[in-house]
Amino acid sequence: MSLVNNLWDNPGTPLENQRFTWRDMVGQPISKLDDDAFTRVRIILVNGLELDSLRLKHIAARFNQELRLPMARLRRVEQHQATMVNWLLSADHSPLETTIAYEQVAIEVTAAVAQAEPDPYQAQTYRFGLLEDFDHLYRYSAMLDRLEGKDANNILQGYTDIVPGRATIDEHRHPADDLRQPYAAHQAHVLTKIHSTLITAAEYQTHDYYMNIGPLFADPVARQLYAEIASIEEQHVTQYGSLQDPGESLLEKLLIHEATEVYTYYSCVETETNPRIKAIWERFLDYELGHLAEVSELFKRHERRDPAEVLSTVMPAPLPFSSQREFVRGVLHTEVPLRTNGTEFVPLEEESELSLQQRVILNADGSPTNTVSAGYRWSPGTELARNVSNTRS
Amino acid sequence: MENHTKLGMNRTGIQMAPLQGPDQVAYAQSRPAHPESGSAKDIVVARGSYILEAERVGSVPLPATGKGLAEAAKGKMSGVHPEVLFDKLGERASYERSGVRLYQAMIGKVEAIEHAEQAALLHDLNHICNEELQHFGLLTRIIKDLGGDPTAQTPSADISAVASLGMIQVLTDPRTTLAHGLQALLSVEMTDRASWELLIELARESGHDEFCSSFEQALAAEQEHEALVRGWLRKLVMAEAM
């Protein structure tokens, strides 16, 4: 398939030709040690997007008789896509190591999105959330070090800093302070729609992952840590989900979701360094174009509208998958004290009273994120390596 | 698959980022910890409060047969706690049963990987696997003879299985080498030997000398298993290194 500016119009692989076998889905995983961290970032991001696509289509089918079969057909392929992608993660990743990778996704992808986002308010929202996921990485890195005796940088591969962000203890807010102003569908750039779909999907996946693996830990402190951060991820899903225009129709949202999947696979194809994984992204880009074509037909038939009204006609520049260190440090330097009051971002002293009250209740017995990282500074090889080195000298 | 250690593009470790690494380290050291006070000890303290409140993972099942109840009563009257013996018998039975599955996984790995001494290694692994199964059978019979339920999962059996989870992961991962598998099995066998030694002492102190002869035979077999696994591991690693 040749990549052209207007990818939307490429018919891709017809749905009936999108086939899998179990052997196909369960292939060779990546190497935790040898593959580039951004290969894992792409895997996690795309899996989150596929799972969100399933979620949205299930909801769509519950509300619409005529969409039930088309949604079911699309979902079946997406289920198998998600399996093939998620099963690329190798079993030598401990749940906590995978968690580090999830936070790297949240940081590096959100930072890239924040810079590309044309709407200043939406960009501010991404920067705001970014600093919170950045703090989660610091807390989980301390936990990985102090629970498993491992260095989080072996997952991050030097692309992402491990220092505190906006302290998680200060991230707990009242629901009213997690809602954001939505974009206006008829005015918003297609990239704005794609970004909110993508980041909401990623955060949803992170939330669900933490909710599933939290109870797998025997350590009560780790269980507490996942409980606390999963709560913030629910806030993030609330925040990012609320960026979308609630006036968009169901099919409009489905159309944007498919376009987001096309855009993300296209970005993966453009940046992947592992040829075996790149072949999967190319195959699935063609599959997603097929899905977009299917949903476009549904959109035209049921809404009598042109998909170009929603997606415009030009594919945006691909998402970069690379370290956003300098941008993140800049945001960290200036925006940690930022808080919210309703949908507005405000200085520390103007934070909503509702959120302050909420925080007092939740943190009354202490904060797990503070417990795990008390006095923690990341060092190569873990803090024990630094202690040993200090003992010698 | 390849069955040897190789040099390659491992991307972990700070040396893989010669330009960014020093900057990353300096930046991390320049930012204060949050919270600044405290240490890893805070986690220990938090765990401590849970330990104080914790209930156990579960209990040893009450004997459902008259014989089992009689055994329990006899033990209580003589001042020993027969539930401890039931618990540890359950643990060993479960461990030996899981051991069979571990060796079956290892045998499959050896069969799939071309190796100069494949036949000899398979011979030893099959020998060990069969004896693990025999030990499972022996323990099942003894638990039944004492009036216990050999199908129940005792607390020590449960926790021992938690400890073994990593072994299963190592032995069934297609990417692990024969040496990786043998290293995992060495841990299994070392634990197995020490656990049989403990079980013999426990049976004797609980007034069950009648089991000790068969337990001693099992221990001798486990000592042989450990020696065989240790020997194969040494042979493979040294052959690869030299």
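Convention: sequence-line order gives letters A, B, ...; per-chain numbering from 1.
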*Do you know the tightest heavy-atom contact between Ala33(B) and Pro164(A)?*
C-CG, 4.3 Å
*Of the backbone (N, CA, C, O) and the side chain (C-beta and beyond), which part of Pro29(A) lies under 4.5 Å from a heavy atom of chain B, both, or neither?*
side chain
_Options Leu156(A), Leu332(A), Leu147(A), Thr369(A), ranked by heavy-atom pairs under 4.5 Å with chain B, top entry_ = Leu332(A)
_Is it the case that over 12 heavy atoms from other parts of the model lie below 6.0 angstrom from the CD atom of Glu240(B)?_
yes
*asked:* Strictly less than 4.5 Å between heavy atoms, which residues of residues 86-108 of chain B line up against chain A? Please order them by number.
replied: none
*In terms of side-chain geometry, is the basic nitrogen of Arg31(B) or Asp161(A) positioned less than 4.0 Å from the acidic oxygen of its partner?*
no
*Highest number of heavy-atom pairs under 4.5 Å with chain B: which of Val163(A), Leu33(A), Asn153(A)?*
Leu33(A)
*Heavy atoms only, distances under 4.5 angstrom: which of Asp35(A), Ile155(A), Ile162(A) has the most pairs with chain B? Name it, please.*
Asp35(A)
*Does a side-chain N-to-carboxylate-O contact under 4.0 Å join Asp34(A) and Arg11(B)?*
no
*Is there side-chain contact between Asp23(B) and Arg325(A), with at least one heavy-atom pair below 4.5 Å?*
yes
*Against chain B, label Asp36(A) side chain, backbone, both or neither, depending on which of its atoms sit under 4.5 Å from a heavy atom there.*
both
*asked:* Minimum heavy-atom separation for Arg175(B) and Ile30(A), please, with both atom names.
replied: NH1-O, 3.6 Å
*asked:* How close do Gln24(B) and Arg329(A) get, counting heavy atoms only, and between which atoms?
replied: CA-NH2, 4.1 Å
_Most contacts with chain A, counted as non-hydrogen pairs under 4.5 angstrom, among Gly8(B), Pro32(B), Ser30(B)_ = Pro32(B)
_Using only non-hydrogen atoms and a strict under-4.5 angstrom cutoff, which residues of residues 39-48 of chain B touch chain A?_
Ser39(B), Ala40(B), Asp42(B), Ile43(B), Ala46(B), Arg47(B)
*asked:* Checking the side chain of Tyr376(A) only, and the main-chain atoms of Gly38(B) only, is there a donor and an acceptor separated by less than 3.5 Å?
replied: no
*asked:* Rounded to the nearest 0.5 Å, what separates atom CG in Asp170(A) from atom NE2 in His34(B)?
replied: 6.5 Å
_Run Gln224(A) and Tyr50(B) through side-chain hydrogen bond (donor to acceptor under 3.5 Å, both in side chains) and show every step you take._
CA-CA 11 Å; Gln224(A) 277 198 351; Tyr50(B) 274 90; 2.9 Å; yes
*Spacing of CD belonging to Gln169(B) relative to OG belonging to Ser94(A), to within rounding of 0.5 Å*: 11.0 Å
_Distance in Å, Ile14(B) CD1 paired with Asn154(A) CG, rounded so as to fall on 0.5 Å steps_ = 9.0 Å
*Looking only at heavy atoms, which two atoms of Ser37(B) and Ala374(A) are closest? And how far apart?*
O-CB, 3.6 Å
*Any idea which heavy atoms bring Arg377(A) and Gln29(B) closest together, and the distance?*
NE-O, 3.4 Å
*Of the backbone (N, CA, C, O) and the side chain (C-beta and beyond), which part of Val372(A) lies under 4.5 Å from a heavy atom of chain B, both, or neither?*
both
*List the atom of Val25(B), the atom of Pro380(A), and the distance in Å for their closest heavy-atom pair.*
CG2-CG, 3.4 Å
*asked:* Tell me whether His127(B) at atom NE2 has more than 12 heavy atoms from other residues, nucleotides or ligands lying less than 6.0 Å away.
replied: yes
*Could you tell me which portion of Thr160(A) (side chain, backbone, both or neither) has an atom closer than 4.5 angstrom to a non-hydrogen atom of chain B?*
backbone
*Under 4.5 Å from any heavy atom of chain B - which part of Asp151(A)*: neither
*Of the options Ile169(A), Asn370(A), Thr371(A), which is the one that meets Pro35(B) in a side chain to side chain contact (heavy atoms under 4.5 Å, CB included)?*
Asn370(A)
